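Worksheet: the structure to be examined is printed underneath.
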Amino acid sequence: MMFAALRGRPLGGRHLGSAAVAITDASMLSEDDRHITLWSLYELHYGGFEDVDDRWEWECAALSVRQVLEAELESRLRELTSPYVRTVWDGSGGVAERLFALVEQVEGPSVARFVRSIYNLKEADPHTWAIPRLFGAPKVALAELQYDEYGAGRPERQHAQLFADTMTACGLDCSYGAYINDVPASTLAVSNLMSMFGLNRRLRGASMGHLAAFEATSSLPARDVSAGLSRLGLGAAAPYFDEHIEADAVHEQVAARNICQALAEQDPRLLEDIAFGAAACLMVDQQAAEHTLSAWRSGRSALRAPAASPTDDLVLQP
Ligand SMILES: [Fe+2]
Ligand SMILES: [Fe+2]
């Protein structure tokens with residue numbers, strides 16, 4: 001449906017007609033379909049697809065579907081996170097301390113302890129959208145953090161490349177999106193959330209709050225995963241995690257203090273969204289982890305069961 005429309009010619013500003021697809025209400029789609037559709041629409045802004053005209057990126061028809069799906073995702077998460085946002089808002093101390101307290105407060109398993117290839121093969125890109133939307137000290141701090149994520153001048157040290165190397169060492173296919181049809185909605189939500197924050201300027205505070213929570217939940221799990229890989233004789237897969245033990249111990253401070261705290265000082269109205277982004281990151285991460293772990297504990301795969309009818313795949317750019 002949506003995918004078939006994307007394979008066709010862009011509509012030159014016209015809305016998708018009934019012959020193609022007109023998604024006017026998110027409830028028209030299942031959760032799996034909402035997230036794979038949103039993920040595909042976001043991909044138009046990243047690497048795109050071999051069989052989709054690049055002009056679809058700014059087609060009204062695609063953007064209007066995206067808006068419907070984003071509105072549902074955002075309002076659901078605003079409601080879910082509101083008690084946590086309030087604790088940050090009402091908290092005492094600096095913004096950074098309040099964000100660290102939030103991370104402590106949201107208990108539960110973290111998917112960072114495991115593998116999340118759907119995001120990691122474009123690691124850092126969703127937060128990069130915020131750079132031109134910030135100014136002054138927070139912009140400089142974000143550029144510094146992202147420079148690290150992109151390998152600090154060394155392509156082979158790009159975190160996305162290190163993750164691809166990890167996948168290869170584990171016998172997995174590291175080509176971008178190779179497993180996109182296998183992952184459940186809860187995993188796609190992890191990726192879609194940060195794209196939604198990154199691609200909407202009004203949500204720049206949420207994007208940076210998300211970054212702070214993401215970085216603050218990465219360093220310690222990276223240590224555990226690295227140790228586990230070594231125990232299993234998969235030391236060749238460990239450099240990605242080794243890199244994050246130290247890098248993210250620094251990044252969590254940069255993100256919480258030099259970006260989020262500085263941003264809230266520049267514009268106190270952004271504090272609520274900074275807290276929303278951080279809380280949403282933790283909740284969505286937790287939901288993905290719960291889904292994965294409950295499947296594993298009951299001896300099942302956390303991946304989606306094969307679709308009854310073949311998915312109408314698009315071909316991602318390499
Ligand atoms: Fe990283
Ligand atoms: Fe990082």
Side-chain angles (χ1 to χ4, degrees), residues 73-113 124 126-127 129-131 133-146 148-149 189-190 193-194 196-198 200-222 244-290:
L73 180 61
E74 184 183 347
S75 70
R76 191 158 44 84
L77 286 171
R78 291 245 181 223
E79 200 180 321
L80 197 64
T81 57
S82 68
Y84 296 107
V85 171
R86 183 127 296 277
T87 61
V88 173
W89 187 260
D90 294 339
S92 56
V95 170
E97 272 64 38
R98 288 191 247 169
L99 289 174
F100 292 139
L102 175 71
V103 170
E104 294 280 307
Q105 189 191 355
V106 180
E107 289 179 8
S110 165
V111 80
R113 293 178 190 279
H127 297 110
W129 300 117
I131 294 177
R133 291 158 180 187
L134 303 181
F135 65 94
K139 182 192 196 93
V140 174
L142 177 58
E144 179 194 339
L145 194 158
Q146 297 299 81
D148 266 1
E149 299 284 345
V190 172
L193 178 67
M194 51 186 114
M196 177 174 76
F197 289 160
N200 286 277
R201 190 180 64 82
R202 79 184 162 83
L203 295 174
R204 62 198 180 283
S207 177
M208 294 300 95
H210 182 285
L211 178 64
F214 204 80
E215 297 288 352
T217 50
S218 169
S219 177
L220 293 177
H244 283 83
I245 297 170
E246 293 202 3
D248 284 352
V250 175
H251 290 174
E252 69 177 35
Q253 297 296 324
V254 172
R257 296 181 196 286
N258 304 14
I259 300 175
C260 289
Q261 190 155 318
L263 191 58
E265 281 164 14
Q266 268 181 356
D267 186 348
R269 291 170 305 176
L270 292 180
L271 177 58
E272 185 174 346
D273 268 5
I274 290 170
F276 166 54
C281 171
L282 298 167
M283 305 296 295
V284 167
D285 210 58
Q286 192 180 64
Q287 286 170 349
E290 277 167 4

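Values in this document were obtained by computation on a predicted structure and should not be read as measured data. We count residues from 1, following the sequence as given.
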Subject >> Greater than 12 external heavy atoms within 6.0 Å of Glu272's CD >> reply: no
Original post:
When you look at CD of Glu246, are more than 12 heavy atoms from neighbouring residues, nucleotides or ligands closer to it than 6.0 Å?
Top reply: no
Subject >> Leu193 CG to Leu77 CG distance, which is reported to the nearest 0.5 Å >> reply: 6.0 Å
Original post:
Less than 4.5 Å apart, any side-chain heavy atom of Cys260 and any of Leu99?
Top reply: yes
**OP:** Please test Arg98 against Asp90 for salt bridge (Lys or Arg N to Asp or Glu O under 4.0 Å), starting from the C-alpha separation and ending with a verdict.
**Re:** CA-CA 9 Å; Arg98 288 191 247 169; Asp90 294 339; over 6 Å; no
Original post:
Can you tell me if Thr81 uses its side chain to pair, donor with acceptor, with the backbone of Phe276 under 3.5 Å?
Top reply: no
Original post:
Quick one: does Asp273's side chain get under 4.5 Å of Arg78's, heavy atoms only?
Top reply: yes
Original post:
Between Ala275 and Leu102, what is the shortest heavy-atom contact and its length?
Top reply: O-CD2, 4.2 Å
Subject >> Flag, side chain of Ser207 to backbone of Leu203, donor-acceptor distance under 3.5 Å >> reply: no
**OP:** Keeping the roles fixed (side chain from Gln146, backbone from Ala124), state whether a donor-acceptor pair exists under 3.5 Å.
**Re:** yes
**OP:** Using the test salt bridge (Lys or Arg N to Asp or Glu O under 4.0 Å), find all partners of Arg201 that sit at least two apart in sequence or belong to another chain.
**Re:** none
Original post:
Under 4.5 Å between any side-chain heavy atoms of Phe100 and Gln253, yes or no?
Top reply: yes
**OP:** Take the angle between the ring planes of His127 and His210 and call it parallel below 30°, perpendicular above 60°, tilted in between.
**Re:** tilted
**OP:** Would you name the heavy atoms of Tyr84 and Met283 that are closest together and state the gap between them?
**Re:** CE1-SD, 3.6 Å
Subject >> Smallest separation among heavy atoms of Pro221 and Thr217, with atom names >> reply: CG-O, 3.3 Å
Subject >> Pairwise side-chain contact, Phe214 with Glu252, heavy-atom cut-off 4.5 Å (strictly under) >> reply: no
**OP:** Kindly give the heavy-atom pair with the smallest separation between Ala130 and Met208, and that separation in Å.
**Re:** CB-CE, 3.6 Å
Original post:
When you check the side-chain N and O atoms of Ser218 and Asp248, is any donor under 3.5 Å from an acceptor?
Top reply: yes
Original post:
Does any non-hydrogen side-chain atom of Asp267 lie less than 4.5 Å from one of Leu270?
Top reply: yes
Original post:
Should Leu211 and Leu142 count as side-chain neighbours, where that means a heavy-atom distance under 4.5 Å?
Top reply: yes
**OP:** Please answer whether the main-chain N or O of Cys281 pairs with a side-chain N or O of Asp285 as donor and acceptor at a distance below 3.5 Å.
**Re:** no
**OP:** Determine the minimum heavy-atom distance between Gln261 and Gly94, stating which atoms define it.
**Re:** OE1-C, 3.9 Å
Subject >> Result of checking Glu215, Glu97, Glu265 against Arg257 for salt bridge (charged side-chain N to carboxylate O under 4.0 Å, His left out) >> reply: Glu97
Original post:
Is NZ or CZ of Arg204 both nearer than 6.0 Å to the six-membered ring centre of Phe197 and within 45° of the ring axis?
Top reply: no
Subject >> Nearest atoms (heavy-atom pairs only) where Lys139 meets Ile131 >> reply: NZ-O, 3.1 Å
**OP:** Would you check, one step at a time, whether the test salt bridge (Lys or Arg N to Asp or Glu O under 4.0 Å) holds for Arg202 with Glu74?
**Re:** CA-CA 12 Å; Arg202 79 184 162 83; Glu74 184 183 347; 2.7 Å; yes
**OP:** Report the residues that fulfil ring-ring contact (aromatic ring centres under 6.0 Å, His included) with His251, sequence neighbours left out, ordered by chain and then residue number.
**Re:** none
**OP:** Count the heavy atoms belonging to other residues, nucleotides or ligands that lie under 6.0 Å from CZ of Arg76, then report whether that count exceeds 12.
**Re:** yes
